[in-house]
Each structure stands twice: as structure tokens, then as C-alpha cells.
Participant: 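Next up is a structure, given as C-alpha cells.
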Amino acid sequence: MPVREPLFQRVAIIGLGLIGGSLASAIRKNNLAREVVGVDQRKEDLLLGQSLGVIDTVAETTAEAVRGADLIVLAVPVQATRKVLEEIRPHLAADAILTDVGSTKSGFVKDVEAVFGEFSPRVIPGHPIAGSERSGIRAANPDLFSNHKVILTPPDNVSAPHLERLQALWEACGATVLTMSVAYHDEVLAATSHLPHLIAFSLVDTLAGEDENMDIFRYAAGGFRDFTRIAASDPVMWHDIFLSNRDAVLRVIDHFTQDLDQLRTAIADQDGATLLRVFGRAKAAREHFSKMLSGQAYVTNNSENQVTFRLQPGGSVNGDIRVPGDKSISHRSIMLGALAEGITEVKGFLEGEDSLATLQAFRDMGVAIEGPDNGFVRIHGVGMNGLQAPRGPIYLGNSGTGMRLFAGLLAAQPFASELTGDTSLSGRPMNRVADPLRAMGAVIDTAEGGRPPLKIHGTQDKKLTGIHYDMPVASAQVKSCLLLAGLYADGTTSVTEPAPTRDHTERMLAGFGYKVEREGPTASVKGGGKLKAGVIDVPADISSAAFFMVAASIAPNSDLLLRHVGMNPTRVGVINILRQMGANIEVMAEREIGGEPVADLRVRSAELKGIDIPVDQVPLAIDEFPVLFIAAVCATGRTVLTGAEELRVKESDRIQVMADGLATLGVETTVTEDGIIIEGGQTIKGGSVYSHDDHRIAMSFAVASLRATEEIEINGCAVVATSFPGFVELAKETGIQISAEGAEGGAEQGAH
Ligand code: S3P
């Protein structure tokens, strides 16, 4: 077998503390260098390092250590950096990479510039975000970096092969490597690491100074212990960090002091509303961050958070229910509410992960939002130009709608922003919005193939220009994106759709007093207007109701009432198609609420028959096809879908994924490029299917159980919480024999 060449010949580690020692032993353990040489002022530690097997070779001086080394890692206290750089400079090999592991980066860069006269392309500052309350060589641990992040802050002119090698080294130690600028690193760390350490040190010190400190510590509960764990960290190191990241730390301390003062005043004034608002916002942010930090909002690869649905075959569907609020309208209610002048109150808001991500994004841009509390949200609008630059990337989880609508809104803001999402969203096409936005003058970078993340440069006050856009695909997301950008653009922005798509944006803009012209298939807005806050009553989501419409249609002896369902004519394709198939759907109590038509629907069992689905209904039922396929399987005769290639770029390739799942359940279908052919009347057997982390696929197979002959297991169901929190309880209530196993919360989270 060929022996793999190690990444480096000779790695010199200067400073054998916890981090230097751990990196040395990780390099040795993973065979990443022929030789690891260590040097440290503390001779005992150095010898200990050798006897513990942390390093191969001991060097007497820094000069001796770096001679012939192709990687030099400075792991000395930040304050000692300059002296060490001066010592090693004359001895560095021309091609050697120089890096460090310090917690602040601008100080290191300053030292490098002072000693080298410039920030050389082979110097790549680094910062592993890993540590322990233990310090010193005895605590060295080769696995310290595994599943941790390492931030590199390379100079603009960095030598790419050098960067790649250093990155490969950290990755081989188990770390995930991120790159960012020096200034950004120091800002972020000041807020997320340095300030919490400062507060922990200070709090413990304050309490330790109280007379009754013995008692305080004796009675200290878990919260105190958790919160102050980091006050046991190395004082010398932290003293260095605060002095070297002075400016960024002072900025966050000031910010925090103001906020603390505000809480003090609220307590003094018995101002419960402020306390609730701040705590509520913090709680929501904390929950959102945990998802973000796990890197998988909707827990796609996170086995701990997986939810499996198990369904017993058969049953009938009865009752009187209201499904959660409309997802499209919920997103838009927050967006327009935030941009309006005044307070917007929203009722029936969907507390699903997608719309919550939108809500969090506006909080990140400085908008005060109360709730959601049982679907009630109060948004303190900041006006068209009141958004503040977010401090980091905006994370939109699974939400394609969120990303595409935000792209339009943020492309028109003066500040830069970045939009990211989970694994599914990161694979979805964004050029459909980025291209027309660029034509308006926006500057947007995408990842390869036009995928997220989207880096939006911001207009820096140079306005976008209105355009006319003929959409190549019928997409409400693209239309809405451009109309939102158009609110800020010079002149008129108009969008023509090849087929009618949902018009919630247009209706809601009009509801907020913003004029939208409509001429046949073209909607247009003039830039420069204002939005007036209002009241929004979000109807139940017809896309969520669709699962129950099909359920009650295919299950014998069913009679179900669905309350307050949104009946916007651009959304009722599912009712038109089901009725054409012979479904018994009675539309009752039709009314208009807040600019959107609403009705109650009574659905009873029916003998369905297969049809050729009219192409003009496709955009009007675009999200309902997975469950319509289940209806088609239960119908007599053939159902043919064409003109639905868009289904292939939804949260999953919904044509293929449904065909695969159906095949597992013994149902044969014919997949075509833009649709599917389903012969009705086939027996749905049991089996184990996978949602491909697509909420609508998971719920569709749950509905299929009503006509199955054996148990169906559906894997990957945590994602159901994106659009339908409480699905399991509601389905159970109507008679679907469903149970959910897996993470607490997950799909059932947010149940009413
Ligand atoms: C949506 C538009 C549709 C739909 C999505 C929500 C919206 O997408 O599939 O679930 O809220 O605008 P496209 O407009 O891209 O088809």
C-alpha cells in the first residue's frame, strides 16, 4: 500500500501550553508531520512534553526550532508574540507557513507588521475555538479540536496552496475551518467569547467579595455553576486577551452596560413589559442560535434530533379542526410589518420554523417584535429605511421563500448582508432571484451554481434601478423578491408572470397602503413609498389543510370540517383538482378577512377518479402535489401530471422522492421530466420510507397510511415543524393512527 506523505515535514510549536501541546499531539496522532519539534521557556514543561509523547524533538531555542520547519505555530501568550517573532524572523525558511493560535487577531497582525514590515502572504493567523478550564502541557489532548471550529484570518494576498495546507492540517485534527477577516474575527469574538468571560470573572468576584460569600457559594444552584464555569479560566491568558482586543471589547462592554442599565431601570420602575420583551426576545434568540450553531436548523443530519413517524394502516378522518396559519402570509406579515411605520399586530401567525427564522432575522436587524404567543405577534415597525445591518449572517433554515424574499429586500439596503440556510436550502437555485436583482444594480455573490449562501454587498446608498422582468418560471417567490426590491428602486419595477402565482405580496402591500398596479399578468410598484402599519389575520394554510382534504377524501366514513382556510384564488388549485377527481368538498361561510378570502371546508369520503391535471392548475397547487399523488394512487384510473418541473427544485425533488417512496410501498409510477403518471387502484403496502427532509413528503406518506395494508414508517420527520407544528396531535385527533418517536420537541414542537 502506498504510504501517504505527511502534510508537513517539520512543524515547530512555540509554546507548549494547552493549545500548543494539544495541537502537537493531534499532529503526531494523525501523522500529519514527519517531525514535531517543541520549544518553551519552561524547560520542565518541554521535557514533560517529550516524555508524554506530545512532541518528537526538544529545541533549546526558538531559532533552533524554526530552522528547517515548513510550519511554525506560535502558541505563546499574546503579549509575548512580538519578541518571539523578532527571534525567529532571521531563521524562517523562505517557504515556511507561519500561523498562531491566539484569541485575538489584530494584535498578532500588528506584531507581524512591526517585525516583518508587512503582513506577508505566508502568515496565516489562526484561532482554534477550543479550550478547557485546565491549562498547561499536562492537559494536552489530541482530540481537543475534534468537532470544534478553527477560524483562519488570511491576508487578501495569501498564497492559496499555503492556506489549503494549513486548512487540511486543522481538518485532519477533526476541526471545521472557517475563514474571515481579522477585524470581523475580533468583533465577533469580543461579543461571543471575551464579554462572557469578563462578566463571569466579574460576577464571581463580586459575589466572592460579599460578606456572606460562603453561604452564597454553598447555596449556588446549577445556573450559577453553568454561568460562571468560564471564570475558572487562565487569568494571565485572559488579561492578555482583553488588553490586546481593547477596542472591540470596549464597544461590546458599552453596549452591554447600556442594556443592563435599561433592565435596571425597568426593574426600578416596575416596568414588566420591558422585562418581558427583553427576556422573550432573548429566549427566542437563544433557541434560534442553538439551531444555527448545530449548523442544521432542521436537524437534517443530526441523529439526536431525528423524528420518525409510525402509522398504523386504515382509519377514517373526522372532526372539526383548524390547521396552523398560512406560511406565505406569515413570512410577509413580519416583513411588511417590520418596514411599516407604526405597530402591526398579527393574529394566526404560523409558529413554524420557516416563519420563525424570518422573524428572528428582523430581530437581528434591530426590529422589536413581541411574541409569538399563540399566533399573536406585535411588530414595532422601523420604517422603510430603519433596518440595521445584522451582526452576522442571517440564517434562514429550510426556507426558500425566506431566502428569496430577503434577497430582494436586502439587495436594496445600504448595508451588506449574507443569507445562509440548512443543507436542503443550500442546494436550491438562487440565480432566479440574483440575476434580475443584478439587472437592477444589486451586487450579489452566490456559491457555485448559483446556490446559497448569498453575499449581498449592499447599495451604499446608490439606489437600485427599476426594471421590467419577464419571469421565465411562474414563481411567486421571484415576483415578490423583485417587488420588494422595487419598493426601494428608482422608478417602476414590473414583473410579468407566465402563469398566475400566489399574490399575497401584492395584496398585503395594498393592505399596508402601498400602491401596486396590476395589468393582466404584470404587477408593478413605484419605488420610494411608505408602508402604514395595520392588523393582519392570517388564515389557516390551505397547503396544510390539503393533507386533511386528501385524508378525508380517501379514508372511508370520513367527514371533516376545516375552519378558516385561506381561499386566495391563486392557491385553490388543490380544491379544483380534487373536485375534478370527484372529491366531495363543500365550501362554506365564504368571507374576506384582511384582504384575503377565507372559508370553512367540509370534506367527506369520495370515490376518486384519475384525471389529466390541467397545466394551468399547476402553479395554483404547486405545494400540494405530493399529497395529490397519494389521492391519485387511491383513485380509479390514470392520473397524469405535466408541466411541473418546478417540483424538482423544491425542498426535495418532489417527483422523484415521491416515486421512490411509493415504490417502497409497492406502488409503481412512471416518472417523466416534468411530471408523473400514476395508475390508480394499486395497493399501498407497508414499509419504511424517507422524507428526504422535506416536510410535505413526510406528511403525504402519513396520509397514505389511511389506505395502506400494513404499517408505514417515515424517517426524517423533524422537518415537519417547518410548516406544520402540531401535525401529529392534529392528525391523531382526526383519526389518523400516527405516533412520533425521536427528539423531544421536533415535529411536535409548538403544538397548540
Ligand atoms: C411561495 C411560493 C412558492 C411555494 C412556496 C411558497 C411563496 O414557490 O412553493 O412554498 O410564499 O411565495 P415558487 O414561487 O418559487 O413556486
Side-chain angles (χ1 to χ4, degrees), residues 298 324-336 349-350 352-355 357-358 396-409 421 424-425 427-436 450 452 469 471-485 495-509 521 523 538-539 541-547 566 568 570-574 596 615-628 643-655 674 694-697 699-700 719-720 722-724:
Y298 308 126
D326 188 282
K327 181 149 72 80
S328 296
I329 299 178
S330 294
H331 279 299
R332 289 156 170 88
S333 69
I334 301 291
M335 293 187 169
L336 299 194
F349 176 78
L350 169 67
E353 308 243 15
D354 278 12
S355 35
T358 290
L396 296 169
N398 192 247
S399 179
T401 307
M403 189 165 287
R404 297 200 177 109
L405 269 56
F406 270 114
L409 176 62
S424 150
L425 183 54
R428 296 182 65 186
M430 291 298 147
N431 274 342
R432 55 177 58 197
V433 288
D435 286 341
Y469 190 62
M471 283 197 294
V473 285
S475 166
Q477 293 178 354
V478 176
K479 173 176 67 175
S480 304
C481 161
L482 298 181
L483 293 178
L484 287 174
V495 188
T496 300
E497 48 193 11
T501 66
R502 65 192 69 191
D503 62 358
H504 305 299
T505 306
E506 297 93 301
R507 283 174 188 256
M508 204 182 286
L509 279 172
V538 182
D541 198 327
I542 189 169
S543 299
S544 299
F547 299 105
N568 182 309
T570 59
R571 296 286 296 281
V572 293
V574 63
E596 290 279 352
V615 177
D616 64 356
Q617 294 298 313
V618 170
L620 310 186
I622 192 71
D623 292 333
E624 287 68 74
F625 283 106
V627 77
L628 282 170
E645 53 277 83
E646 272 295 294
L647 291 183
R648 293 195 179 272
V649 290
K650 291 293 178 189
E651 285 84 328
S652 67
D653 174 347
R654 286 184 171 159
I655 297 176
D674 64 344
D694 182 332
H695 52 140
R696 300 201 197 282
I697 303 290
M699 291 185 276
S700 299
V719 75
V720 165
T722 59
S723 68
F724 204 144

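Counting starts at 1 for both ligands and their atoms, following the listed order.
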Participant: Could you check whether any side-chain heavy atom of V433 comes within less than 4.5 Å of a side-chain heavy atom of V478, counting everything from C-beta outward?
Facilitator: yes
Participant: Which protein residues have a heavy atom closer than 4.0 Å to any atom of ligand 1, listed by chain and number?
Facilitator: S328, R332, T401, S475, A476, Q477, R502, I622, D623, K650
Participant: Hey, does S723 have a side-chain heavy atom less than 4.5 Å from the side chain of R696?
Facilitator: yes
Participant: Apply side-chain contact (heavy atoms from CB on, under 4.5 Å) to the pair K327 and S544, showing each step before the final yes or no.
Facilitator: CA-CA 9 Å; K327 181 149 72 80; S544 299; over 6 Å; no
Participant: Measure across T570 and T501 and return the closest heavy-atom pair with its distance rounded to 0.1 Å.
Facilitator: CG2-O, 3.4 Å
Participant: Compare all side-chain heavy atoms of M699 with those of F724 and state whether any distance is below 4.5 angstrom.
Facilitator: yes
Participant: Inspect the contact between R432 and E646 and indicate whether a charged nitrogen and a carboxylate oxygen are less than 4.0 angstrom apart.
Facilitator: yes
